[in-house]
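Scroll down for the structure; my scribbles are underneath it.
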Amino acid sequence: MEFKDYYQILGVQPDAEQKDIKTAYRKLARKYHPDMNPEKGAEDKFKEVAEAYEVLKDAARRAEYDELRQYRSRAGSGGFEPPPGWQSSGGAGGRHFEGDFSDFFNSIFGGGGGGAGGFRQQQSGMRGQDAEIEMPVFLEETLSDASKRVEYGIPVYENGQVREIRKSLSVKIPAGVVDGERIRLKGQGGPGMGDGPSGDLYLHIRLVPHPMFDVEGHNLVVTVPVAPWEAALGAKITVPTLSDKIHLTVAPNSQSGQRLRIKGKGLPTKTGNGDLFALLKVVMPPAANAEVKALWQALSDKASFDPRAQWSN
């Protein structure tokens, strides 16, 4: 079995901070998303990046993976097998995975898929196999019922042999879906044996990272750069939302890190909409000339302000 170096896949160092891992994942997921990149192999690369992030974003799973990585380093290159008696604690509260992950992931973290793209074998042999696939969804697509085409393969057993049949569906994604949500499409899995019913198709929703908005449940957070004088004097600024732009009033004496709530501009829910939070970030202008520096100095002298005065208490 091939060992997967998840750090190398995301292009980060083994001691990388979580924020750096998240940033690398967002960049690569956007780059290789099938809807953004039609090149051959992009979808496989997207799945590989998603699998790497699935492991490294969780502290417990990352620690287990690091342990195996060290074990593999001591054992040398070549094929990889977990140490004798290895058993993952599952991370994230012992979560059980049934997504479209590699054999390496399934063997380490106990995924329910394994081989054939994550299909679950039914014990009775009569009912058709269920199919488990990931459905990447852009944040903009959660605003209304959007139809997306999915293609997937299902292994079929005939006369002792296994062959794969391909299926293609136009799937309506309900408005307001959240990351990790599991949608069942009855009867769209593998065909049953004899008179047995077909299996089901399970879509695992994975929200594609957005370059501007962070997701907190059904709420969105957008970082809004403001100039020092806008924060000090107040200003009316234009802020983007997922669907349009709005005008926002920044009150005088606003602080960097302050969150302003824009009601109803988040992601849809079953009863309405979440909110959008504008996170103010005071940004300094580019390097100033002598005249501007003199103005800053005059302001410093006039204000007589020490932001760290409380440290002396």
Side-chain angles (χ1 to χ4, degrees), residues 17-20 22-23 25-27 29-30 33 36 137-146 173-181 205 207-313:
E17 300 286 341
Q18 280 298 322
K19 63 179 182 179
D20 296 325
K22 183 178 181 180
T23 298
Y25 165 66
R26 286 186 168 194
K27 180 180 178 180
R30 195 83 179 178
H33 188 275
M36 301 287 290
V137 175
F138 289 107
L139 292 185
E140 293 84 351
E141 293 174 330
T142 68
L143 299 181
S144 60
D145 292 344
I173 304 301
V177 293
V178 296
D179 192 59
E181 187 169 342
I205 300 299
L207 294 182
V208 179
H210 196 281
M212 186 172 294
F213 300 99
D214 286 324
V215 179
E216 295 180 354
H218 284 94
N219 296 328
L220 296 175
V221 180
V222 58
T223 299
V224 180
V226 293
W229 47 88
E230 289 178 322
L233 304 175
K236 292 186 180 296
I237 60 177
T238 301
V239 175
T241 73
L242 272 181
S243 58
D244 53 19
K245 295 181 179 180
I246 61 170
H247 298 294
L248 183 66
T249 299
V250 177
N253 298 317
S254 291
Q255 298 292 325
S256 188
Q258 185 174 343
R259 286 163 62 119
L260 306 181
R261 177 189 177 202
I262 299 101
K263 187 176 180 180
K265 284 296 185 177
L267 300 178
T269 70
K270 294 181 179 179
T271 57
N273 280 74
D275 300 326
L276 172 65
F277 290 90
L279 177 65
L280 301 184
K281 179 181 180 181
V282 176
V283 179
M284 293 297 296
N289 56 34
E291 183 179 359
V292 173
K293 287 182 179 179
L295 291 173
W296 280 116
Q297 184 61 55
L299 175 62
S300 174
D301 296 339
K302 188 71 174 178
S304 299
F305 172 60
D306 181 3
R308 295 168 295 281
Q310 71 275 13
W311 288 1
S312 60
N313 294 337

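Remark: F138 CZ to R30 CZ distance equals 5.0 Å, nearest 0.5 Å. To the nearest 0.5 angstrom, L267 atom CG is 10.0 Å from F213 atom CZ. One finds the CG atom of L220 at 7.5 Å from the OG1 atom of T142 (value rounded to the nearest 0.5 Å). Remark: E141 CD to L207 CG distance equals 10.0 Å, nearest 0.5 Å. The CG atom of L280 sits 7.5 Å away from the CG atom of L248 when rounded to the nearest 0.5 Å.
Here the side chains of I237 and E230 are in contact, with some heavy-atom distance below 4.5 Å. The closest side-chain heavy-atom distance from D214 to K22 is below 4.5 Å. Contact check for P268 versus N273: side-chain heavy atoms found under the 4.5 Å cut-off. For the pair L242/H210, a side-chain contact is recorded, criterion being any heavy-atom separation below 4.5 Å from C-beta on. L143 is listed as a side-chain neighbour of S243, based on a closest heavy-atom distance under 4.5 Å. Inter-residue side-chain proximity for L139 and V215 is flagged as met; some heavy-atom pair is nearer than 4.5 Å. Side-chain contact check for T269 versus H218: some heavy-atom pair is nearer than 4.5 Å. A 4.5 Å side-chain heavy-atom check between R261 and K263 finds at least one atom pair inside the cut-off.
Between the side chain of D275 and the backbone N or O of G264, at least one donor-acceptor pair lies under 3.5 Å. Formation of a donor-acceptor pair under 3.5 Å by the S300 side chain with backbone atoms of W296 is not found in this model.
F277 is linked by a ring pair (Phe, Tyr, Trp, His ring centres under 6.0 Å) to nothing, counting only residues two or more places apart in sequence or in another chain.
Across all their heavy atoms, R26 and P209 have their closest contact at CG-CB, 3.2 Å. The shortest non-hydrogen separation linking V283 to P225 is CG2-CB, 3.7 Å. For the pair M212 and P240, the tightest heavy-atom approach, listed with the atom from each and the gap, is SD-CG, 3.3 Å.
If you check the side chains of K236 and T249, you find a donor sitting under 3.5 Å from an acceptor. T241 and D244 are linked by a side-chain donor-acceptor pair at a separation below 3.5 angstrom, with hydrogens and angles left out of the test.
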Show your reasoning for whether side-chain contact (heavy atoms from CB on, under 4.5 Å) applies to I246 and K265. CA-CA 10 Å; I246 61 170; K265 284 296 185 177; 4.2 Å; yes

Working note: L260 + V224, criterion side-chain contact (heavy atoms from CB on, under 4.5 Å); need CA distance, chi angles, decisive distance, verdict. CA-CA 10 Å; L260 306 181; V224 180; over 6 Å; no

Where do Q258 and V250 land on the side-chain contact (heavy atoms from CB on, under 4.5 Å) test, with the steps shown first? CA-CA 10 Å; Q258 185 174 343; V250 177; over 6 Å; no

